[in-house]
Structures are given as C-alpha cells and as structure tokens.
Amino acid sequence: MNGDAGHDQAEEADSKQDGSADADPAEDANEQEVIVIQDTGFTVKVQAPGTEPFDLQVSPQEMVQEIHQVLMDREDTCHRTCFSLQLDGNVLDNFAELKSIEGLQEGSLLKVVEEPYTVREARIHVRHIRDLLKSLDPSDAYNGVDCNSLSFLSVFTDGDLGDTGKRKKKGNELEQIDCTPPEHILPGSKERPLVPLQPQNKDWKAGDDRFFLDFFMTSTTYNFNPKPANPSFLSHSLVELLSQISAAFKKNFTALQKKRVQRHPFERIATPFQVYSWTAPQIDHAMDCVRAEDAYTSRLGYEEHIPGQTRDWNEELQTTRELSRKNLPERLLRERAIFKVHSDFAAAATRGAMAVIDGNVMAINPGEETRMQMFIWNNIFFSLGFDVRDHYRELGGDAAAHAAPTNDLNGVRAYSAVDVEGLYTLGTVVVDYRGYRVTAQSIIPGILEREQEQSVIYGSIDFGKTVVSHPKYLELLEKTSRPLKVQRHAVLNEKDNAVELCSSVECKGIIGNDGRHYILDLLRTFPPDLNFLPVEGEEIAPESQKLGYPRQHRHRLACLRQELIEAFVEHRYLLFMKMAALQLMQQKANKDKNAALHDTSTADAESESKPPALEASEKVSDGTPTSPTSSESTLTPDDTETTTASENSAPEKQEAPADPKSEVPTANTNGTHEPSAAEKQNGGCDSPLEGKEADENIPGLAQAKELAESLAAEDGSGIDPKSREVVLNACKAVGSISNTSFDIRFNPDIFSPGVRFPDDSTDDIQKQKQLLKDAAVFLVSCQIPSFVKDCLDHSSLPMDGATMTEALHQRGINVRYLGTVLEFVDNMPAKAQLEHIYRIGISELITRCAKHIFKTYLQGVELSALSAAVSHFLNCLLSSFPDAVAHLPADELVSRRKNRKRRNRVPGGGDNTAWASLTPSELWKNITSEAQSYYHFNLQCESVDQAVEKYGLQKITLLREISIKTGIQILIKEYNFDSRHKPAFTEEDILNIFPVVKHVNPKASDAFHFFQSGQAKVQQGFLKEGCELINEALNLFNNVYGAMHVEICACLRLLARLNYIMGDHPEALSNQQKAVLMSERVLGIEHPNTIQEYMHLALYCFANGQLSTALKLLYRARYLMLVVGGEDHPEMALLDSNIGLVLHGVMEYDLSLRFLENALAINSKYHGPRSLKVALSHHLVARVYESKAEFRSALQHEKEGYTIYKNQVGEAHEKTKESSEYLKYLTQQAVALQRTMNEIYKNGSNASIMPLKFTAPSMASVLEQLNIINGIIFIPLSQKDLENLKAEVQRRQLMQDSGKIEEQQGGQLELDDKLPVDD
C-alpha cells in the first residue's frame, strides 16, 4: 500500500520495523507494547477534515507511518491516502518514532492535512480505493493473489460470537433450534458432495460498486474529455467525488464499509505465505482497470514496484541476519525483519518461477536448448530441475537433479536455524509448477561476472575430484559442526594432498564482492541413507536385509533427515549412560568385596562434580544441540528402543543387581533432568520423555552421568583411571568420535562417488561407515515400529496425506519408506486397529505415484491445451468411464506445425499431443509399476474402482490429495465419478494450476521458548503461570510474525483451553474463534487442524449457551472430515460423541442415538472392546435410552460399561461405583415403569397412575460429559467450585513461592539475556 515503506533500502531496519504496510494496524498497536515493557502507551487526538476528533492509543516505539495505516483502515477516514500528519503546524516525518517527536504527549492533537497528489500518489490512491471496494470480494482468495485466503467460519456463526460471546437469544432457545443435519452428514451416508465445502457468504454479493468504479474509469477512457465538467465537482478524495456525483454509490459505499469494519480482522489480514484453494466457484469475470493498468505500467513482466526499482534481495536477506541480537528487543526486531524479508522473497520467487515457466521471462542464455536455460528476474536467479551438462550423471541424472534442490533447501534450513554469525546462505525457494521444478535463489554479489572456478575457495565444483579449503570457512563451519552433527574430516584432492573440510565436498564457499562468506549447494548436509544406497562390497545389518534393503533408488542423493539424526544421537546417549552405569555398578561390586577404603575415593570423585545448573548445561551440550532447530526436530525416542537387537546387547544386561548402598544424589540428577528434557523437546512435543523416566531408576545411572560430566569439564586429571576406562569403553561401544565424552558426528562424504580419503584415517572411516549402517538400521528397526506404536495408542492421529507425512517426518522417516511402513502395518496382529493408517497410507502412495507420472505428463503439454490435458488426466485417474477420450483444442494441429520452428517453446518440449493418448488402464498400470519401483510396494489394482473397492478409499479424497499435491484448482460442483457412460471432468472444470512452494520458515525463537515453558507449567498444573507465559509468547509471536501464523494458531488454541478450564468461557470463545479463523486462513479451510479447531470452538459455544451454533460447527467439522478421510477414523468417534451429546441436550433423542451408536462402533473398533473409551460410549448411549424411557436398552449398555470398568480399574474405583449406582437407578426406573404398565393392563383406563420421572438432561450434565470426552480434566460447574479452584491455585503458589518458583524465575530472567541463539 504505502509504497515508501518496504522499498526504501536506506531505512532498511526501520521499514522492517513497521511490520510492512499490510499488517493489521490494530494488531500492530498491541504488538509493540511487549518490546520495552516500561514504555507505556499514551493517547493522542486525531482530527481529519470533516470529521470529529477521535482518540487513538499509541505507543512510543511506533512510527508515524503506523498512524497513517490506522487512518487508512478506519471507517470514516479510509478513503484518504495522500495526507500528512501535523503537530502544531509542523509536518511529522513518516519514519520517525513517536518518542523522538518533540512536544508529542498525552492528549496532543494531530491534524490530518490533505497534500497535493503526484502521479505516484494518484496511482496509490486509485489502487487503495479499489482495494476498499473489493474488500468483501473473495476472488483474490480463489485466485491465490496478494496473500488472500478463504475463511468460512462466519457463515456458520452468523456473527453470533459477538465481542462478549454472551449474546443469547431471549428466553429458552431450545424450542426454535432446527437440529436436523443435512442428509450427507448422517452416519452411514455414502454421499460425499463437494459443493458444501464452500458455502455461499451473503456479503459477497456486494460487488456493484467496483463495477461502478470500473465503469467510471472506462467510460471516461473511451471518449475522454479533459475539460472540467459543468457544474464542476472538486474533491481531494475519489470516494468523496463519486459520492457527490452518485447517490447510489454513496449509499452502497457506506454499507460496504460498515460490513468491512464488522468483519473479524482475521478474515482480511494478509497471510505471511500464499495459501491456495483447490476448489473455486464459477465467478463471472469482471474487468478490473487497476489490475489491467498494473500489467502495462511495469517494465518487469508484472512487478508491483515502481518500474526499474527492484529490490536487492540478497542484500536485504543478509543485512537482516546481521542485525544485532544481544537482548530480547533486538532479537525480536531482528527476527521480525528476517521473517518479513523471507515472506516477501518467497512471494517474489514464486511469481518469478511462474513467469519463467509461462514464458514471460527472457533467458540469460537464450541460445541454449530450453531445458538448459537459466533466468534472472527481479534480482532472483532461476534454474530448472534438469540434469544439464551431465552434472548429475553419476548420481542419477534428471532424478537426482530433481531431488537436489529439496535436499539443498533442507541444508539451507538447517544452517539458517543454527544461525552462525558471519556464515551466509542464499535465499532459496523451490517451486513446482506445471510439471517443472524451478529453484529460485538470491544472487551473490559479483558471482555473475566471474567464472565459478575462480570464485570457489572452499569445497569442490566437480563432486570431489578437485577440492580446496580455506581457514576462515573451517573456523565458521566448525561452529555448526556440533549442532548439525557434521564431523570435520580430510579428503584427498587431485594431487593426493589431504584437504580439511567441515562439510560435504559439494558444499561450496564463495566470498562475494560484499566480503561476506557464502555457502551454497548444501545438498549433502545430512549423511547418506544406506538403505537406499547399495554399495559394492558393503553389507548392511541383517534387520535391514530382512526387509529387502538396500534398495536401488532413482538417484544416489537419498539422505537421512535431520530429525532421524537427532533421534539416533539421543538414543545413543541413553545407551552410553546405561553402559557406563552398568560398568560402574560392576566396579562398585568388586570394590565392596575388596575393601571399604576405595569408597572414600569415589565419594571424592563424585563431590568434584559440578553444581546442578552447570551439569544440566553440560548434559544438554552432550546430548542434543540447544540451538532452536527446525520445527520438526522434536523426536524423543521412547521405550521401544531398548528392544533393538543390534545394540551391543547392553540393554539385556541392564537388570544388573541393584545395589542398595549406592549413594546416589538423586535429587541432584532429577533436578537437572528437567531442563534438559525441555531443551530436547525442541519443537512442541507435548509428552514428557517416557523413555527417560524409565531410565532414571537404573542404579548407578546418576554416577555415570556425573562421571561423564566431570570428564567433559576437566581434562580428566582428577579422575581415577578406572572411571576413565568406563567412559572410554562406553564411548567405543556407541561410536562416539571422542574417547573422553559422548560425541557423535557423521562424515557426510562417506560413500560419495569420487571422494577419496587419506590412508591414515582408515580406522576413522570404518567407524563412520559403521555409524551410518547403525543409523540406517535404527530407522527401520526403531523409528518405523515406534511410529506404528504411536498410531496404535492414538498419540499420533494422521487424518490425511499431509498430516501423515508430517508424522513420519517427525520421527525422521522419509516418505520413500512409505511402502515399508504399510507392510509393517499390514503384518501387525492389531491390523484392524490401524485400518485408518493403512488407508491413508495407500491413498498417499497412489496419489504420490500419480503425481510423479503427472509431472512428466504435463511437461509435454502446450499452454493452450493445459485444461484439456489436466481434465483428461483426472478422468483417467478417477473416473469409472473406461474409455476417456481427450478433447484436443481445434487449432492444435495447425499450431504444431508452426511450433517445430520455434526453439523457445516450453522447457522440456516433446510431442505436444502425446498426452492425449493416455488411457485409464495405462495410467493405472503405470501407477502400480511406480509403486513397485519407487516404494517397493505391491499395489493390487488395475483401475480406480478396484482401488476404491480393495482399500476402502474415497474418490473425493483422492481428488483432494492429487489436487493439493499438484496445484490443480477445480470448479466446485458435484462430479459423477461413477458414471460408466461419460467422463467426470471436462476442460471447463479445470480453473487454474497453482505452484507448490517450499521455502525456509524462519522461527521466532524467544517466543517459542516462552510457549514451551508455558506448556510445561500447564502440564505441572500451574495454570495461571502457564497462562501468563503463553500470553507473553503470543505477544512475542505477534511481534515477529505479524498477526497470522501457524504457531500463533497453536498459541491461541492453548490459551482458549486454559481460559475454558479456568472458567472464563467468553474469553475462551473469543480466543478459539481467532484460532479457527487463523487455521482456515493459514492452513486451509479443510485442513485436519482446522477440523479440530472447529470441534473445540463448538464446545466453548455450547458452554456459552449457543447451542445451535455449536451444532452447526460440529456438523461442519463432520462434513470436512468425511471429505478429507471418510467416516472410518478414530477421531470420528470423538466428533460423533460430541454431536450426540449436544443433540441429547436439545432432546433430539433419535438423532442423538444415531451419532452415539456410530461413535460406540468406531471406538470399539479402534480402541478394542475392553477400552475405557468404549465404556464411556456405552454410558452415553445408555443415558439417551434412559431419556427415551427405554430402560431395557439403557440397562444393557450400562451393564457393558460396568463390566469394562470392573475389569479394567477394579471394583473400588469411583468410575465403577458411579456405574453401579447408575445401574441401580435404571433398574428402579425400569421396575416403576413396569408396575405402571401392569396397572394399566389390569385396570384399563381408570388405573391410578403414578407420574413417572422422564428426565430431560440438564445442560450442566451434558456439559460435564462433553468435557470428559474432550479430555478436559477440571470442570468448574458452580461459583463455589470456581472459588475453591482459585484458592487452590493461590495455595500452590504460596508453596511454590517459598522455594521452587524463585529459582525458576531467577532462571527465567537469565534465560532472557542469554538464550542459545547461535550455539
């Protein structure tokens, strides 16, 4: 909007601080408050021409610019763009901070003064007016433009969740609620319509004013008469002018602005990265003059900046990294700048990549064949993912060239997260669009002028034939060596001299003309995956061989994920500790036999160990890096590891005889244990490390820890040789690279073709090879089973392909292992309880194979035939119509002849009509062979209908998955997939193809730290402190990310839950509403996370007495779940229990039963018939039968529940007692009913009937059950309970204040100053 902000590099840092013009001003105002707590805000008066002065709350760190933003968004001043703010007649500088302005204080009056227009200001003005008129129009969101995205929550809440959340209808609203769900939502319905995915929003019809503006602009364009009209209208603002000319415009504009201001700000703030929608309605195309003008005024294809003034991306990306980070305000400023530049860069790179593939950009080497061309646009360098000049010939050709960019991006992510001062990476974005992979990179200053050979001063440009090194690079990379687990090693160059490296050979170091040290080509940052890299003469472990590894892969660049490396090292650390402990125990036993003399010496050795705080930090540095790593690197291996056979049989010995006399300072070790656990869970894993707790009680473990630490701390002089030997043995056993402390690192060059190592390092290389083999085995024998175990006990609940991929990645399992995972699930005894995982896995496998085929299919398609080709492919993939025929555009054959002559066609080229000959049976043959060759999985289906039949898939789910993976956008309407007479899709159904974009996600490290501490507090039961920490985290997140971000969404959800538990229902409702809106906008309207947010919101609505809204939200969630994954999923049981309970509450008993009985069936299937969840389901069903006075059925269900409770938790448990009480009550009711019935039979109409108590359930009892099934532990039902809770919290606080808390807060303050940023 406000052009000067983002594009004036002179004010680089300042302009970053203004949060870029798009951030919501109101949000900005709150955001700033957290930075320097002591600077409080103050109020100024603002007066605009023709309006009353109004008060505005500002804070001293804001810039004048931000007041401009607020005014451009306010209803009464939004139509002004060209104005200055004046204080006592002096014009204020836009980029001045408020605190630096003399005389500005509480109550000052700022005047808005209209300024004369320049051509640029006039353009900005017209564009701003257009944006105001379009503010309710969703077409930008459908078209994936300007970071707009869809949100439908308001359709279901009818604006019902007012500011207070307390707006209730008069009287008892039970009577008027219509609870009947649409037919397709009912349990058992086979219909899966697509249209309800995007319900119509009634506000979106107000598009007439924009046409008026267009009409006004176009009609004057065709016969433009520059003379002033008579009578002449003169106005500083276009809106005021139009309002004078046309009464209709005035009326509509006012109504539109009222609606715009009523909408929740989260519905209109831009998201940081573009979210695309895979469906869209048919929108009549309206001419948009402002956009049309954009296309012509700009020299750069379509660049929104002033022609000729492009941004120097590299300079911006690197300068923001160099900002100071000594204290919290500086770090926030730095992270905010980094995040902002990254999201701008990702947007520009995406547009550039599309322009390149669409043929809108000239190549820098136009003479070469198309696939070898490279492009520069807007200071970004673009290259295509093909193997040009046989660079990757040894490694797998085009397949390797396609995999390299994503590997490289993972490397860039890793190095950016470690964030070492002085080491620079390139801005990198990987874009898949229309079958091509484009890598976009920022440009190193001066690189284009020199040859690559001269500029590379570290690493190798020919995969290790020639290698060079550089002391400065070694020094910088050494700092990344521990966190990234990269071992410093020597390789031989072409003259057989040893060269030191601290990265893989491909990693190149180039010093730019700006004097910065850049590293690029980070595709081998992580070690190779030997399961997919057969090496002559190397055997891998038998566990892997049993599963058919090593397997031939498409390319030789398969590497392990960072999460796997972290989990592996963590696992080895536990092993190391156990082994040391066992040896110490044995030594101790021997000592006790020998003499009591030695005891004193070990006691001394122990007392030399350091104070607890140091110990913890040591331990962390030994285990995992403290640097905030990528969001997924959370994994903490759980108990399953001890089962691996490959680990030198130490675990079996671990039941060594416990030694009653071992003086173990337990308090000490347990005390130090917690911080390290928090550090290791770097990524928001909720559960504490289970494996860890189990190990705490191995005798001697504490001594082992102390010993390891004291060895690491000193040079080992004060420690007896026996103990040193213990550590030496343990180090050897786990493959540590050091003999005195635990330290595992990998050499990424092992098994790289063409890399040679010096002779003197042979032992070391052997060790490294062994480590790699162990890591590969660890993946198949530990991580895959523990992933499946997580799915079995429902601690991991993937709902669709994306969430499943994420769950696999969190465990460090690459998706190429999908076939192995599926086979593992298939061979489980509890296979039935994993049916949902198997089904999601199969559909992921099928759609990924289809995506691979689609990629090459699209490369041969001309732009004019794109929609025909895509619809034909979807018909072959999903339609039951056996002979799908492609519709060739009529002029296709004509243009083919011409095209032969044109070199610069589409990268890749090929025969333009080959795509039309694809048939369904051929496509499915290709899919099964792709599944076999890529995933080594045997898919048994020859057509889509067989796949659906055999694996229980849904066509609509397959359509959603393939569309999201390939970027297809289709028309939203009902598709008849099953017709055998005509194909499901025509070319009109394909609306768009979007890019699929991968980029770096910069993190807000301080905010994340607060968030985690908050989570930890909540888990310990300190809700209030947890709440404060999470609020603080929310503030910091807003500061770094602006208002919209996935992590803010998680923050809001947790806050809402805490508000709810602490009894503040309206606040819970307000926070959860924000979480839902944000999830819809940032993740997508039917993302599994959005579905869960809808469920939480429904619960809080119910608690606020908004029953009909709660039902609408639950129905929406159920519909989305049916589309995303179908009915057969454990999460559906929870959803149906919620729906059933609410329906029970509004006395819709028959409907309620349908949902509750479905929930019971799903729970029994996925949790086993003896699970407590099933018992609860039985109880809920029984309650509804009781309300219907069908006591026999009620008794039957409650008996089932009672039996489960009795067997699982015993007779004495309160649950069992409650159930038994309820059974008695039901029996009495049944007997009473029977008596009454007998009476009626006997005496006919004149019987004296005792009135029976038919109880409609109270809202409180329904809410109580809702809380139980949603896992909410504490329910304040009455004011008294609330008081008790508060008292309890205070009591705990007092207890804490005396001891632990002070310590904690002392720690907290220190942490603020020295958070591990670049450890």
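The figures here come from the full heavy-atom set of this structure, side chains too, leaving out hydrogens, waters and symmetry mates. As the structure is a prediction and not an experimental result, all values here were calculated from the model.
Stacking of Arg561 on the aromatic ring of Phe526 is not recorded, the 6.0 Å distance cut-off and the 45° axial limit not both being met.
The distance from atom CZ of Phe787 to atom CZ of Arg811, rounded to the nearest 0.5 Å, is 9.0 Å. Atom CD1 in Ile837 sits 9.0 Å away from atom CG in Leu792 (nearest 0.5 Å). Rounded to the nearest 0.5 angstrom, Leu501 CG and Leu474 CG are separated by 7.0 Å. In this structure, Thr525 OG1 and Lys485 NZ are separated by 14.0 Å, a value rounded to the nearest 0.5 Å. Rounded to the nearest 0.5 Å, atoms CD (Glu566) and CG (Leu484) are 8.5 Å apart. Atom NZ in Lys578 sits 9.5 Å away from atom CG in Leu582 (nearest 0.5 Å).
More than 12 non-hydrogen atoms from other residues, nucleotides or ligands lie less than 6.0 angstrom from CG of Asn827. Other residues, nucleotides and ligands place no more than 12 heavy atoms under 6.0 Å from the CG atom of Asp759.
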>> Arg524 vs Asp749, test: salt bridge (charged side-chain N to carboxylate O under 4.0 Å, His left out). Steps then yes/no.
In response: CA-CA 8 Å; Arg524 288 232 173 132; Asp749 284 331; 5.5 Å; no
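For the residue pair Arg331 / Ser1005, no side-chain donor-acceptor distance below 3.5 Å is found, with atom types taken as modelled. Between the side chains of Tyr473 and Ser503, not a single donor N or O lies within less than 3.5 Å of an accepting N or O.
Nearest heavy atoms, Asp529 versus Ala776: OD1-CB, 4.4 Å. Nearest approach of Ser736 to Ser741, heavy atoms of both residues: OG-O, 3.0 Å. The shortest non-hydrogen separation linking Phe746 to Pro748 is O-CD, 3.4 Å.
Separation of the Tyr549 and Tyr817 ring centroids falls under the 6.0 Å cut-off.
A salt bridge links Glu538 with Lys773: at least one charged nitrogen is closer than 4.0 Å to a carboxylate oxygen. Under the 4.0 Å criterion applied to side-chain N and carboxylate O atoms, Lys1017 and Glu1025 are not assigned as salt-bridge partners.
In this pair, Phe1011 and Phe1008 present their aromatic rings tilted. The plane angle is within the 30 to 60° band.
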